[in-house]
Amino acid sequence: MKSQKYLVTAITSACIVALSTSAVQANSASVPFASTPPVIDGVANDAVWKEGDWHEMTSLMWGTAPEPNDFSGRYKLRWNKDALYLLAEIQDDHLSDTYANPLERYWDDDCLEIFIDADASGGDHLNNYNAFAYHLALDNQVVDIGPNKAGEAVPQLYNNHVENKWQRDIAAPYKVYWEAAIHVFDDSYQHGKENTPLTLKEGMALGFMLAYCDADGGDREHFLGSHDIAPVNGDKNLGYKDASVFEKVVLSK
């Protein structure tokens, strides 16, 4: 009788775990596998982009809501063992790169911002490498804040983390197509040292969010993202420091 009681308890526990896992996956966005990865050239004609749903970037994180011709955006994701692949389709009537120094007020230039958390654990990442908030500038440089060799949290370049390229369409309404291959690093990353990106696998869950800083010839005016964020003291601009506001995505085949 005692052994039967333990068996029933074990089976019940296993069922709860399985149901919980299924619920997490059901509530997470699924990222399709790319058997042939896209060429990162800013031309959205790769076969891998032909199918699959677009995800909209409509959630206001900061500033005022723009008119659709001022800014609108959507994106797709794919993956293979080497990288997470992104295609963003951007409508922006004025591209602005005011600050020549890529480490100076990079958020006040037009830029695509990719938020990534290798284990979807959430939490603070302003002064550590628990997660990343990559700002992809118009000159294709990649900026985030993180500890340098001295342990100081400062803006730095992470160009080898994200290969990216954008081009504007030659036909009206002259949309921008921005492609990126994102190599995923976990919290063991040390800037300035030799680091190996993770090998991505089916079933892995990543924290992810996408946003766009829209600056029309001056400072940032609009900041739109891929999903709603619950404000803290009225502030929704939290992704650059808190990975808990990222969405969870699951790599699938």
- prompt: Do Tyr106 and Leu138 belong to the same hydrophobic cluster, where Ile, Leu, Val, Met, Phe, Trp and Tyr are linked whenever their side-chain heavy atoms lie under 4.5 Å apart, directly or via other members?
  reply: no

- request: Compare every heavy atom of Phe246 with every heavy atom of Ala131, then report the nearest pair and how far apart it is.
  value: CB-CE2, 4.0 Å

- prompt: Looking at the rings of Phe208 and His55, which for Trp means the six-membered one, are their centres under 6.0 Å apart?
  reply: no

Note, His135 side chain near Tyr158 side chain (heavy atom, < 4.5 Å): no

message: If the condition is side chain to side chain contact (heavy atoms under 4.5 Å, CB included), which residues does Asp53 pass it with, not counting sequence neighbours?
response: none

task: Might you point out which heavy atoms bring Val143 and Pro102 nearest each other, and give the distance in Å?
output: CG2-O, 3.4 Å

message: Using the side chain to side chain contact (heavy atoms under 4.5 Å, CB included) criterion, which residues pair with Asn160? Sequence neighbours excluded.
response: none

message: Hydrophobic clusters here meaning ILVMFWY residues chained together by side-chain heavy-atom distances under 4.5 Å, can you tell me if Ile90 and Trp107 are in one?
response: no

message: In terms of relative ring orientation, are Trp178 and Trp166 parallel, tilted or perpendicular, with 30° and 60° separating the classes?
response: tilted

statement: In this structure, CG of Leu251 is separated from CG of Leu200 (nearest 0.5 Å) by 6.0 Å

statement: CG of Asp117 to CD of Glu247, rounded to nearest 0.5 Å, is 13.0 Å

- request: Could you list all the salt bridge (Lys or Arg N to Asp or Glu O under 4.0 Å) pairs where at least one residue sits in residues 203-230, not counting sequence neighbours?
  value: Arg105-Asp219

field: Flag, side chain of His125 to backbone of Gly123, donor-acceptor distance under 3.5 Å
entry: no

- request: Heavy atoms only: give me the nearest His183-Ala83 pair and the separation to one decimal.
  value: ND1-CB, 4.0 Å

- request: Establish whether Ile145 and Leu112 are linked, either directly or via other cluster members, by ILVMFWY side-chain heavy-atom contacts under 4.5 Å.
  value: no

statement: dist Leu87:CG -> Arg78:CZ (nearest 0.5 Å) comes out at 9.0 Å

statement: Tightest non-hydrogen contact, residues Pro66 and Leu224, listed as CD-CD2, 3.6 Å

- prompt: Mind checking what makes side chain to side chain donor-acceptor pair (under 3.5 Å) contact with His222, not counting sequence neighbours?
  reply: Thr64, Asp70

message: Listing request: all salt bridge (Lys or Arg N to Asp or Glu O under 4.0 Å) pairs with a residue in residues 172-181, at least two apart in sequence or in separate chains.
response: Glu89-Lys175

- prompt: Taking Asp144 for the side chain and Ala133 for the main chain, is one N or O donor matched with an acceptor at less than 3.5 Å?
  reply: yes

field: Residues that Phe132 engages under ring-ring contact (aromatic ring centres under 6.0 Å, His included), provided they are two or more places apart
entry: Tyr129, Tyr134, His161, Tyr189

field: From Leu60 atom CG to Phe223 atom CZ, the distance as rounded to the nearest 0.5 Å
entry: 10.0 Å

field: Asp119 side, atom CG; Asp187 side, atom CG - distance, nearest 0.5 Å
entry: 6.0 Å

message: Between Asn159 (side chain only) and Val142 (backbone N and O only), is there a donor and an acceptor less than 3.5 Å apart?
response: yes

message: Can you list everything that forms a side chain to side chain donor-acceptor pair (under 3.5 Å) with Glu194? Sequence neighbours excluded, please.
response: none

message: Determine whether a donor-acceptor pair (N or O, by modelled atom type, separation under 3.5 Å) exists between the side chain of Ser96 and the backbone of Asp109.
response: no

query: Given side chains that start at C-beta, do those of Asn80 and Tyr85 come closer than 4.5 Å, heavy atoms only?
result: yes

message: I'd like to know if the side chain of Trp54 reaches the main chain of Gly73, judged simply by a donor and an acceptor atom lying under 3.5 Å from each other, with no hydrogens or angles considered.
response: no

task: Report the residues that fulfil side chain to side chain donor-acceptor pair (under 3.5 Å) with Lys76, sequence neighbours left out, ordered by chain and then residue number.
output: none

Name every donor-acceptor pair, under 3.5 Å, that has one atom in a side chain of residues 32-43 and the other anywhere in the protein, sequence neighbours excluded.
from: Asp41; atom 1: OD1; to: Val43; atom 2: N; distance (Å): 3.0

task: Please answer: with hydrophobic residues joined when any side-chain heavy atoms are less than 4.5 Å apart, are Leu210 and Leu206 in the same cluster?
output: yes

message: Are Val184 and Leu136 connected into the same hydrophobic cluster when the rule is that any two of I, L, V, M, F, W, Y join if their side-chain heavy atoms are below 4.5 Å apart?
response: yes

message: To the nearest 0.5 Å, what is the distance between OG on Ser121 and CG on Asn130?
response: 4.0 Å

statement: Closest non-hydrogen atoms of Lys248 and Ala120, given as atom of the first, atom of the second and distance, are CE-CB, 3.8 Å

- request: Without swapping roles, check the side chain of Asp92 against the backbone of Phe71 for a donor-acceptor pair under 3.5 Å.
  value: no

Identify every side-chain donor-acceptor pair in residues 233-243 under 3.5 Å, counting partners at least two apart or on other chains, and give the distances.
from: Asp235; atom 1: OD1; to: Asn237; atom 2: N; distance (Å): 2.8
from: Asp242; atom 1: OD1; to: Ser244; atom 2: N; distance (Å): 2.9
from: Asp242; atom 1: OD1; to: Ser244; atom 2: OG; distance (Å): 3.0

task: Could you list who else is in Val154's hydrophobic cluster, with ILVMFWY side chains joined at under 4.5 Å, directly or through other members?
output: none

message: Applying side chain to side chain donor-acceptor pair (under 3.5 Å), can you list everything that pairs with Asp82, at least two apart in sequence or on another chain?
response: none

- prompt: Which heavy atom of Gln141 sits nearest a heavy atom of Leu157, and at what distance?
  reply: OE1-CD1, 3.2 Å

